[in-house]
K.L.:
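There's a structure below that I have some questions on.
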Amino acid sequence: MNIRVCTLLLGLALLGCALLADEAGAPARRPVVGAIRWDAWFAGGRYERFLAARQWHYRLPFYARVVSRDKVEVRSDTQEVMDREIAYAAGAGLDYWAFCYYHPDSFETADRYNYGLRLYLASGHRADLSFCLILLQHVGPTDEWPGTVDRLVELFKEPTYQKVFGGRPLLYVFGVDEIVARFGSREAAREALDRLRRRSVEAGLGSPYLVAQVFHAYRGAEHVDALGLDAVSAYSRPGGAGNEQHPYDELARANRDFWNACKATGRQVIPIVNTGWDNRPRRGDPTIVQNPEGPWYEEPTPAQLAEHLRAALAWNGANPAHAE
C-alpha cells in the first residue's frame with residue numbers, strides 16, 4: 001500500500017492526512033487523517049496556568065474544569081478520558097495520532113508526558129485509531145540510544161502503528177538541530193538514525209519513513225541530505241508580520257508558500273496545514289523559541305478549514321514527483 005501524506009496543525013495538535021492507493025495504484029477510498037498528541041495535562045503540570053485567565057476559557061477541552069475566574073484544572077491522564085478522546089477522534093474521521101516521544105531520562109519529569117501513549121496502548125478501543133511517533137530532542141542519554149532504538153522498534157511492531165509508502169513505519173523528527181547537538185555532530189546523529197533503520201529492517205518492518213519538521217524549507221533540505229531523511233514538513237508554519245491579528249486566509253497562504261518552497265529544494269514534501277495559530281496565552285513562556293511574539297490569526301470557519309485541507313490534498317495529487 002502506498003500512502004502520500006500531508007500534515008496539519010490544530011491548536012496544539014498536528015493533523016496528518018494521507019492519500020492511499022492500493023497495490024495496483026487505484027485511487028483510495030478516502031484520505032487518512034491524523035492529529036498530533038500534545039500530552040501535558042496532568043496534576044502539577046506547568047501548562048494549565050496558561051489557560052487560567054477567563055479570556056482563554058473558550059479554548060479549554062472537554063476534560064477541563066473551571067475552578068474560578070482565573071483558575072482551571074486541565075487533566076486528561078485517565079483511561080476514561082483517553083477512551084472518550086479515541087471515540088471523539090474516530091467519530092470525527094481521524095485515523096491516527098502522532099505522539100511526541102519522551103525518553104524517561106531526558107529530564108526529571110519526562111516520563112509523565114508519555115501518559116497519552118501509555119493510555120492509548122492500554123485502551124480497549126485503540127483499534128479504532130492508529131498512531132505514530134514524533135522524535136523530539138528529548139531522546140535521552142546517548143549511551144542509552146541502543147535501548148531507545150529497541151523501544152522504538154517494539155512500538156513500530158504494534159498492529160496499529162501507522163505505516164506509509166510500502167509499509168514503512170512513519171516517524172516525524174522535530175528539533176533536528178537539537179538532536180544533532182545531543183549526539184555531538186551530524187555524522188554521529190546519522191549513525192544513530194542508521195542504527196534505528198537497521199534494527200527496523202532486521203525486524204521485518206522496513207526502514208522507517210523519517211520526516212524532518214522544520215520552520216524553513218532550506219533547513220529541511222539540509223537535514224534530508226545530511227541525515228538521510230526521507231521528506232520535509234513542519235510542526236507548524238505560521239507567517240505574517242506585526243504583532244496583531246490577521247485573517248485565517250493569510251495563515252493558509254503562508255502554508256501554501258511553504259509547500260512550494262520545500263518543493264523548490266527538490267526534496268520530498270509533506271505539506272503542513274495549520275488550522276490555527278495564536279500563541280498569546282504562552283507569551284513569556286521560556287519554552288517558546290519560535291515566534292515568541294508576532295501575529296496571530298482568526299480561527300477558521302469549518303468551510304475555510306475544509307478548503308485549506310482540500311487544497312493540500314490537491315497539491316499532493318498535482319505534485320507526485322515531490323510528494324511521494
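For the single chain, residues carry numbers from 1 onward in sequence order. Worth knowing before you read on, the calculation uses all heavy atoms, side chains too, and leaves out hydrogens, waters and symmetry mates.
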K.L.:
Distance from E299 atom CD to T275 atom OG1, nearest 0.5 Å?
P.N.:
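Rounded to the nearest 0.5 Å, the CD-OG1 separation comes out at 8.5 Å.
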K.L.:
Over all heavy atoms of both residues, which pair between K263 and N319 is shortest? Give the atoms and the distance, please.
P.N.:
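That would be NZ-OD1, 2.6 Å.
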K.L.:
Hey, does the side chain of Y209 reach the backbone of G167 with a donor-acceptor pair shorter than 3.5 angstrom?
P.N.:
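Here the side-chain-to-backbone pair does not exist.
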K.L.:
Any chance you could measure Q55, atom CD, to D70, atom CG, to the nearest 0.5 Å?
P.N.:
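So the gap between those two atoms works out to 9.5 Å.
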K.L.:
Shortest non-hydrogen contact from V211 to V232?
P.N.:
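So the two residues come closest at CG1-C, 4.3 Å.
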K.L.:
Between S76 and Y115, is a side-chain hydrogen bond (donor to acceptor under 3.5 Å, both in side chains) present by the stated rule, with each step listed?
P.N.:
CA-CA 9 Å; S76 67; Y115 73 82; 2.6 Å; yes
K.L.:
Specify whether W41 and W38 have parallel, tilted or perpendicular ring planes, treating 30° as the upper limit for parallel and 60° as the lower limit for perpendicular.
P.N.:
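Aromatic pair W41/W38 classed perpendicular.
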K.L.:
If every non-hydrogen atom of A323 is compared with every non-hydrogen atom of N316, which pair is closest and at what distance?
P.N.:
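Scanning both residues, the minimum pair turns out to be CB-OD1, 3.4 Å.
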K.L.:
If you compare all heavy atoms of Y102 against all heavy atoms of N114, which two are closest, and at what distance to 0.1 Å?
P.N.:
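Shortest heavy-atom separation between Y102 and N114 comes out as O-ND2, 2.6 Å.
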K.L.:
Less than 4.5 Å apart, side chain to side chain, heavy atoms only: is that true for Q213 and I270?
P.N.:
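They are not in contact (no side-chain heavy atoms under 4.5 Å apart), so the answer is no.
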K.L.:
Atom CG in L227, atom CD in E222: separation rounded to 0.5 Å?
P.N.:
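Spacing of CG (L227) from CD (E222) equals 10.5 Å.
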K.L.:
Is there a side-chain contact between L60 and L51, using heavy atoms and a 4.5 Å cut-off?
P.N.:
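When only atoms from C-beta onward are counted, L51 and L60 do touch, with a gap below 4.5 Å.
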K.L.:
Taking W259 for its side chain and N255 for its backbone only, find out whether a donor-acceptor pair lies under 3.5 Å.
P.N.:
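Judged by distance alone, yes, a pair lies under 3.5 Å.
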K.L.:
Going through the distances and angles, do R118 and D111 end up as a salt bridge (Lys or Arg N to Asp or Glu O under 4.0 Å)?
P.N.:
CA-CA 10 Å; R118 285 194 293 268; D111 196 43; 3.1 Å; yes
K.L.:
If you measure from the Lys or Arg side-chain nitrogens to the Asp or Glu carboxylate oxygens, is any gap between R190 and E187 under 4.0 Å?
P.N.:
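Between E187 and R190 there is no salt bridge, as every charged N stays at least 4.0 Å from the carboxylate O atoms.
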K.L.:
Main chain of S207, side chain of R168: is a donor-acceptor contact present, judged purely on distance under 3.5 Å?
P.N.:
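Pair found, side chain donor or acceptor close to backbone of S207.
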K.L.:
Can you check salt bridge (Lys or Arg N to Asp or Glu O under 4.0 Å) on R151 and E144, steps first, answer last?
P.N.:
CA-CA 11 Å; R151 171 60 175 156; E144 295 184 23; over 6 Å; no
K.L.:
Calculate, to the nearest 0.5 Å, the distance between atoms OG1 and OH belonging to T78 and Y63 respectively.
P.N.:
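Separation between the atoms: 10.5 Å.
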K.L.:
Side chain of W145, backbone of A192: donor and acceptor closer than 3.5 Å?
P.N.:
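Yes, W145 side chain to A192 backbone: donor-acceptor pair under 3.5 Å.
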K.L.:
I'd like to check P300 versus H308 (side-chain heavy atoms, cut-off strictly below 4.5 Å). Are they in contact?
P.N.:
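No - every pair of side-chain heavy atoms lies 4.5 Å or more apart.
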K.L.:
Would you mind reporting whether D39 and Y113 have side-chain heavy atoms less than 4.5 Å apart?
P.N.:
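Counting from C-beta outward, Y113 and D39 never come under 4.5 Å.
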K.L.:
For the residue pair A217 and T265, what are the closest heavy atoms and their distance?
P.N.:
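Between these two residues, the closest heavy atoms are O-CG2, 4.0 Å.
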K.L.:
Would you mind reporting whether V149 and R198 have side-chain heavy atoms less than 4.5 Å apart?
P.N.:
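R198 vs V149: side chains apart.
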K.L.:
Roughly how far apart are H246 NE2 and W277 CH2, rounded to 0.5 Å?
P.N.:
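Between atom NE2 of H246 and atom CH2 of W277 there are 13.5 Å.
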K.L.:
Of all the heavy-atom pairs spanning T148 and V139, show the shortest one and how long it is.
P.N.:
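What the structure gives for the nearest pair is OG1-O, 3.9 Å.
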K.L.:
If you round to the nearest 0.5 Å, how far is CD1 of I134 from CZ of R37?
P.N.:
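Reported value, rounded in 0.5 Å steps: 11.5 Å.
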K.L.:
Which of these, Y120, Y172, F156, W97, sits in a ring-ring contact (aromatic ring centres under 6.0 Å, His included) with F131?
P.N.:
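One option only clears the test, and that one is Y120.
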K.L.:
Would you mind checking if R237 and D257 are paired as a salt bridge, meaning a charged N to carboxylate O distance below 4.0 Å?
P.N.:
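Salt bridge absent between D257 and R237.
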K.L.:
Would you call R197-D230 a salt bridge at under 4.0 Å N-O?
P.N.:
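Between D230 and R197 there is no salt bridge, as every charged N stays at least 4.0 Å from the carboxylate O atoms.
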